[in-house]
2 protein chains.
Amino acid sequence: MTTRIQRRNRRVILEAALDVFSAQGFRGATLDQIAGVAGLSKPNLLYYFDSKEAMHRALLADLLDTWLAPLRAMNPDGNGRDEIKAYMRRKLQMSRELPRESRLFANEVLQGAPRLADLIGGDLKRLVDDQAQVIRRWITNGQIAAVDPYHLIFSIWALTQHYADFDAQIRMIRTGADPMDGAETYLETLFDKLLQP
Amino acid sequence: MTTRIQRRNRRVILEAALDVFSAQGFRGATLDQIAGVAGLSKPNLLYYFDSKEAMHRALLADLLDTWLAPLRAMNPDGNGRDEIKAYMRRKLQMSRELPRESRLFANEVLQGAPRLADLIGGDLKRLVDDQAQVIRRWITNGQIAAVDPYHLIFSIWALTQHYADFDAQIRMIRTGADPMDGAETYLETLFDKLLQP
DNA sequence: CGGCACCTTGACTGGTTGGTCAGGTCTGCT
DNA sequence: AGCAGACCTGACCAACCAGTCAAGGTGCCG
């Protein structure tokens, strides 16, 4: 049985943990920092989660579905070009709206995904394999140009997540402007040209 | 005056530090780990470098030139499409040959580039601004299609570095094969189509 | 081969950090 | 109101970690 207080505090803690983990990485984050952001005491954090590791795991598990949803949502019966471009647009929107989540995953993968491997397991691979098949069918149908489906998916990840993960670098260069200004238009053009049969 | 032993040990230490920092991030790396990889004692490390921070700074400073060289090497008087594609190819090769360096920078930028800001300063911005001007000229000359020069550069970074930085994820999906198999062909096609006037 | 500068290290320190615990406070139910 | 169980915390601990130091070892010069 979960109480109202439990629900509220767990939410507050995970929110704070996302803030700190995404900005500092797992090793770099401290319970004191998370406690400070959450406005709770450190022992209280550990009343709700068994360990720092458990918070991190809970975060990743909660976010995994959200993170993969855009890829899952690609409709095999839709028009190839529209579906892929819609996928790209959804991912780009996630970089804009959920940059902390993007950086959390990036931090994790960058360090070899030790805490992610068992969570994802073959799940991600299966999803990507399935959608690669779908893309292959669109190629066969002549709906899109013949490009490697895996590299196509990787390039969507790379191009969209870059704006969240490397935000600091982009800000150094495009001082003033919103770092993502013009990104949608640019990527729209890029994928239009790439996929044109 | 630097002795032979000094040169050798500094090199060994930076090599080990690159290994550990790129895999664990600054905060995640410990001097004991670096000492272990280097085959030296921890106090000995601190005989050659004032602090952990100093090792990290030395690494970044040493690598910065290497890292920006490909962008600097873009020849304003060359053919636009060839120059940009050559830049992309050089960056992709760096992802293949220097993945640790790529991950070191990625780790740094991901966490807001605190230790990089003063090192790069306006230097990177100036270089990118200059090369963006060069690209604009190629567009005016009709050598390449009209695309936003900044997003073009960002997309080259994103697409090439992704293979080094997200290697762990790609390996989960493309089990067996070399993660970068087919990447060059794919990116060649992508930029061909994108830049086609 | 003797001496001096350079190199190396075991043992230590002070500060940080994840996690524990005993006891106190609050909340919701009857 | 009263109580049982949920919630919260100050004080504490053990492990870890960057950095110090004094003392001994090593290479290089005359």
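Labels below follow one simple rule: chain letters A, B, ... track the order of the sequence lines, proteins then strands, and each chain is numbered from 1. Small disclaimer: the values here were computed from a predicted structure and weren't measured.
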Out of curiosity, does B:Met74 fall in the hydrophobic cluster containing B:Leu159 (side-chain heavy atoms, cut-off under 4.5 Å, transitive links)? yes
Within 45° cone of A:Phe191 ring axis and under 6.0 Å: A:Arg81 NZ or CZ: no
Is the cationic atom of B:Arg10 (NZ for Lys, CZ for Arg) positioned less than 6.0 Å from the six-membered ring centroid of B:Phe49 and within 45 degrees of its normal? yes
Does anything in residues 106-115 of chain A reach DNA chain D, meaning a heavy atom under 4.0 Å, and if so which residues? none
Who pairs with A:Glu97 by salt bridge (charged side-chain N to carboxylate O under 4.0 Å, His left out), at least two apart in sequence or on another chain? none
Compute the centroid of each ring, for B:Tyr163 and then for A:His151, and state whether the two points are separated by less than 6.0 Å. yes
For the ring pair B:Trp157 and A:Phe166, is the centre-to-centre distance below 6.0 Å? no
Which is true for A:Arg8 with a 4.0 Å heavy-atom rule: it touches a base, it touches only sugar-phosphate, or it touches nothing? nothing
For a quick check of understanding: with a heavy-atom distance under 4.0 Å over all strands, which category does B:Ala35 fall into, base, sugar-phosphate or nothing? nothing
Hey, is the side chain of A:Lys42 pairing donor to acceptor with the base of C:dG18 inside 3.5 Å? yes
Using the rule side-chain contact (heavy atoms from CB on, under 4.5 Å), only one of A:Ser95, A:Pro99, A:Pro179 pairs with A:Asp167; which is it? A:Pro179
Could you point out which residue of B:Lys125, B:Gln133, B:Gln131 forms a side chain to side chain donor-acceptor pair (under 3.5 Å) with B:Asp129? B:Lys125
Rounded to the nearest angstrom, tell me the gap between atom [atom1] in [X] and atom [atom2] in [N].
X       : N      : atom1 : atom2 : value
B:Arg7  : C:dC6  : CZ    : P     : 14 Å
B:Asp32 : C:dA11 : CG    : C1'   : 14 Å
A:Leu31 : D:dC16 : CG    : P     : 16 Å
A:Glu53 : C:dG18 : CD    : C1'   : 12 Å
A:His56 : C:dG18 : NE2   : C1'   : 15 Å
B:Leu45 : C:dT8  : CG    : P     : 11 Å
A:Gln24 : C:dT17 : CD    : P     : 11 Å
A:Lys52 : C:dT16 : NZ    : P     : 16 Å

Counting heavy atoms from C-beta on, name the nucleotide in C:dG19, D:dT9, D:dC17 closest to the side chain of A:Leu46. C:dG19
I would like to know whether A:Tyr186 and B:Asp148 meet side-chain hydrogen bond (donor to acceptor under 3.5 Å, both in side chains); could you show each step before the answer? CA-CA 7 Å; A:Tyr186 176 79; B:Asp148 183 294; over 6 Å; no
Taking N or O atoms only and anything under 3.5 Å, show me the protein contacts with nucleotides 4-7 of chain D, one pair per line.
from	atom 1	to	atom 2	distance (Å)
D:dC7	OP1	A:Thr3	OG1	2.6
D:dC7	OP1	A:Gln6	NE2	3.3
D:dC7	OP2	A:Gln6	NE2	2.8
D:dC7	OP2	A:Tyr47	OH	3.1

How do A:Ser41 and B:Ala29 order along DNA chain D: which one's closest nucleotide is nearer the 5' end? A:Ser41
